[in-house]
Amino acid sequence: MRENLTYERFGGAIRELAQTIADDGYEPDVVLSIARGGVFVAGGLAYALDCKNIHLVNVEFYTGVGTTLEMPVMLAPVPNAIDFSEKKVLIADDVADTGKTLKLVRDFCLETVAEVRSAVIYEKSQSLVKCEYVWKRTDDWINFPWSVEPPVVRREGQVLDA
Ligand code: 5GP
């Protein structure tokens, strides 16, 4: 079984997720996105929550469908923890699966920030981080609209007008 998220469904999911956060009274100073999937989520949430401060952290973990490195690793440049000190941070990602990626980033934030909460579109039951804000729960592999298709390649014979 696959869970298929389309760009159309994504638009509604982000608004609903943001509404849940707003209804809860959480007003983040910073949205911290986990690249690359979390960038879409962070951008949508930041607009919907009227938060103009977005940061990004790159984490590498998955190498294919269900195959991972031993542990997730933060890639350089790692954001400066000072930027988050005394701030309310909302970590945004596409899915908490094992939850190891979110845990790595949350633990990094917890060293300095005033408050950290996490928002994801999907959370799987095995996740070791229980996110404060979840749009939908599933245990299926999810096809996201940004990664379901292979990267584009240059077509032969294409000449672009100058
Ligand atoms: P975790 O550390 O929670 O196991 O996984 C975090 C990252 O792995 C996600 O941000 C996502 O990039 C990737 N990932 C985990 N599960 C899925 C899935 O079901 N579908 C897709 N497309 N990516 C996933």
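Remember, it's 1-based here, ligands and their atoms both numbered in the order they're listed.
Within 6.0 Å of OH in Tyr26 there are more than 12 heavy atoms belonging to other residues, nucleotides or ligands. At most 12 non-hydrogen atoms from other residues, nucleotides or ligands lie less than 6.0 angstrom from CD of Glu27. Atom CD of Gln126 has more than 12 neighbouring heavy atoms from other residues, nucleotides or ligands inside a 6.0 Å radius. Atom NZ of Lys136 sits in a crowded spot, with more than 12 heavy atoms from other residues, nucleotides or ligands closer than 6.0 Å.
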Contact table, ligand 1 N/O with protein N/O, distance under 3.5 Å:
unit_1	atom_1	unit_2	atom_2	d
ligand 1	2 (O)	Thr98	OG1	3.4
ligand 1	2 (O)	Thr101	N	2.9
ligand 1	2 (O)	Thr101	OG1	2.5
ligand 1	3 (O)	Asp97	N	2.7
ligand 1	3 (O)	Thr98	N	3.2
ligand 1	3 (O)	Gly99	N	2.8
ligand 1	4 (O)	Tyr62	OH	2.8
ligand 1	4 (O)	Thr98	N	2.8
ligand 1	4 (O)	Thr98	OG1	2.6
ligand 1	10 (O)	Asp93	OD1	3.3
ligand 1	10 (O)	Asp93	OD2	3.1
ligand 1	10 (O)	Asp94	OD1	2.6
ligand 1	16 (N)	Asp97	OD2	2.7
ligand 1	19 (O)	Lys124	NZ	2.7
ligand 1	19 (O)	Ile142	N	2.9
ligand 1	20 (N)	Ile142	O	2.8
ligand 1	22 (N)	Ile142	O	3.0

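Between Val105 and Leu102, the closest side-chain pair of non-hydrogen atoms is not below 4.5 Å.
Taking 4.0 Å as the cut-off between side-chain N and carboxylate O, Lys124 and Asp140 do not count as a salt-bridged pair.
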